[in-house]
Each structure stands twice: as structure tokens, then as C-alpha cells.
Amino acid sequence: MKPRSDNELEAIKIQAWWRGTLVRRTLLHAALRVWIIQCWWRKVLARLLEKRRRIMLELNSREIQASVRLQAWVRMWLVRQQYCRVLNAVRTIQICWRWHSCHTRGFFRGNYDITENQLKLQLDIFLGSQICRITDCIPFPIKN
């Protein structure tokens with residue numbers, strides 16, 4: 001093998017430096033491209049995760065609204081049942097009270113109208129839920 005000259009050694013050093021620079025530049029470009037792809041992929045995953053989270057929140061919200069509505073219906077039904085029981089009790093008490101007041105006491109109301117030759121009389125007798133109405137015209141005796 002023949003010894004190399006200084007110029008050849010210098011040329012070899014420059015070529016090695018240049019090849020290293022090209023390799024480093026190629027690796028840097030490849031690393032940048034990998035970094036860009038990774039950023040894009042992370043963004044895609046974040047969007048998918050956000051979409052899934054939003055869907056789950058909406059589903060959970062619907063379930064909560066449905067359970068609240070169901071609870072309100074059940075409470076309404078229970079209150080309505082209680083109200084109907086109270087209403088039936090009130091009606092029973094009213095029936096008993098009306099029967100009692102009908103059979104124990106009544107009251108009268110009447111009016112009259114006097115003309116020159118007769119008396120018009122109207123008399124109402126209230127006995128609880130029943131009314132007895134008496135109407136009569138009484139003529140006056142005529143003196144000559």
C-alpha cells in the first residue's frame with residue numbers, strides 16, 4: 001500500500017466531515033418528521049378522547065335527567081294518592097255534617113209584597129240540602 005499524501009488526507013478529512021454533516025442533517029430531518037407525525041397523532045388521540053368524554057358526559061346527563069324525572073313522577077304520584085285520601089276524608093266529613101245539620105236544624109227565609117187588595121207571600125224552608133218553597137196570595141176582605 002502506498003502512503004497517502006497530505007492533500008489526500010486533508011481531502012479524506014473534508015469528505016468525512018461532509019458525509020457526517022449530510023448524515024446528521026438527514027437524521028435531523030427524519031427526527032423532525034417523526035416529531036411532526038407524533039404531534040399530529042397526539043392531537044388525533046386527544047380529539048378522540050375528548051369526543052368519547054363528551055359522549056359519556058351527555059349519556060350521564062341524560063341518565064341523571066331521566067332519574068330526576070322518574071323521581072318527580074313517583075313523588076307526584078305519592079302526593080296525589082295522599083291528596084285523594086284527604087279529599088275522600090273531607091267528603092266523608094262533609095256528608096256526615098250535612099246529614100247532621102239537615103236533621104237537627106233548618107232555617108227560614110221569606111219575603112212578602114202587599115198590594116191594595118192582597119198579600120203575596122213566599123217562604124223558603126231550608127233543611128240541609130233540601131228546600132221547601134211555599135208561595136201564596138192571600139186576598140184582603142173588601143169593606144163597603
Side-chain angles (χ1 to χ4, degrees), residues 1-140:
M1 196 166 186
K2 174 173 143 181
R4 297 191 175 168
S5 67
D6 288 337
N7 283 342
E8 285 181 5
L9 289 175
E10 292 296 323
I12 290 173
K13 281 186 180 180
I14 291 172
Q15 287 171 355
W17 171 81
W18 181 247
R19 278 194 306 268
T21 303
L22 287 178
V23 168
R24 282 189 295 277
R25 187 186 303 164
T26 304
L27 288 175
L28 180 63
H29 282 270
L32 286 174
R33 288 185 184 115
V34 167
W35 181 73
I36 289 171
I37 291 171
Q38 286 175 346
C39 288
W40 171 80
W41 182 245
R42 286 185 195 121
K43 188 188 275 187
V44 167
L45 286 179
R47 283 183 191 157
L48 286 174
L49 189 64
E50 179 65 24
K51 187 176 180 182
R52 286 181 189 162
R53 189 182 67 81
R54 189 177 303 120
I55 289 172
M56 291 305 291
L57 281 174
E58 288 175 3
L59 182 64
N60 191 22
S61 175
R62 286 186 192 138
E63 287 177 355
I64 289 173
Q65 286 176 347
S67 65
V68 167
R69 184 173 290 141
L70 184 63
Q71 289 170 354
W73 283 346
V74 168
R75 283 194 303 270
M76 178 190 67
W77 180 72
L78 291 174
V79 168
R80 182 167 167 71
Q81 273 190 331
Q82 186 178 5
Y83 172 74
C84 287
R85 282 195 294 262
V86 169
L87 195 61
N88 286 334
V90 165
R91 287 179 181 152
T92 303
I93 292 169
Q94 284 177 345
I95 288 170
C96 291
W97 179 255
R98 287 177 184 156
W99 183 88
H100 174 72
S101 65
C102 174
H103 286 82
T104 58
R105 64 180 175 265
F107 64 93
F108 296 91
R109 183 174 62 189
N111 59 8
Y112 62 92
D113 186 24
I114 299 176
T115 59
E116 57 185 56
N117 60 355
Q118 68 180 354
L119 170 67
K120 291 182 183 176
L121 181 66
Q122 181 177 345
L123 184 63
D124 296 332
I125 303 170
F126 294 93
L127 294 172
S129 62
Q130 296 176 350
I131 299 173
C132 179
R133 179 168 283 159
I134 300 170
T135 310
D136 199 4
C137 288
I138 302 171
F140 292 139

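All heavy atoms count here, side chains included; hydrogens, waters and symmetry mates do not. Here, residue 1 is the first one in the sequence, and each next residue gets the next number.
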Got a second to check how far [X]'s [atom1] is from [Y]'s [atom2], nearest 0.5 Å?
| X | Y | atom1 | atom2 | result |
| --- | --- | --- | --- | --- |
| Asn111 | Gln122 | CG | CD | 5.0 Å |
| Leu123 | Cys132 | CG | SG | 8.0 Å |
| Gln82 | Leu87 | CD | CG | 12.5 Å |
| Met76 | Arg80 | CE | CZ | 8.0 Å |

Completion exercise
For Cys137 and Lys120 the tightest heavy-atom approach is SG-CG, 3.7 Å
Residues 9-37, side-chain donor-acceptor partners within the protein, below 3.5 Å, at least two apart:
{"from": "Thr21", "atom 1": "OG1", "to": "Trp17", "atom 2": "O", "distance (Å)": "2.9"}
{"from": "Thr26", "atom 1": "OG1", "to": "Leu22", "atom 2": "O", "distance (Å)": "2.7"}

Practice task
Starting from the C-alpha separation in whole Å, work towards a yes-or-no answer on side chain to side chain contact (heavy atoms under 4.5 Å, CB included) for Lys51 and Arg47.
Solution key: CA-CA 6 Å; Lys51 187 176 180 182; Arg47 283 183 191 157; over 6 Å; no
Exercise for the section: Identify, with sequence neighbours excluded, every residue that meets side-chain hydrogen bond (donor to acceptor under 3.5 Å, both in side chains) alongside Arg53. Expected result: Glu50
Practice task
Determine whether Arg52 and Ile55 make a side-chain contact, defined as any pair of heavy atoms from C-beta on separated by less than 4.5 Å.
Solution key: no
What pairs of donor and acceptor atoms, side-chain ones from residues 58-73 against any protein atom, are under 3.5 angstrom apart with sequence neighbours left out?
{"from": "Ser67", "atom 1": "OG", "to": "Glu63", "atom 2": "O", "distance (Å)": "3.3"}
{"from": "Ser67", "atom 1": "OG", "to": "Ile64", "atom 2": "O", "distance (Å)": "2.8"}

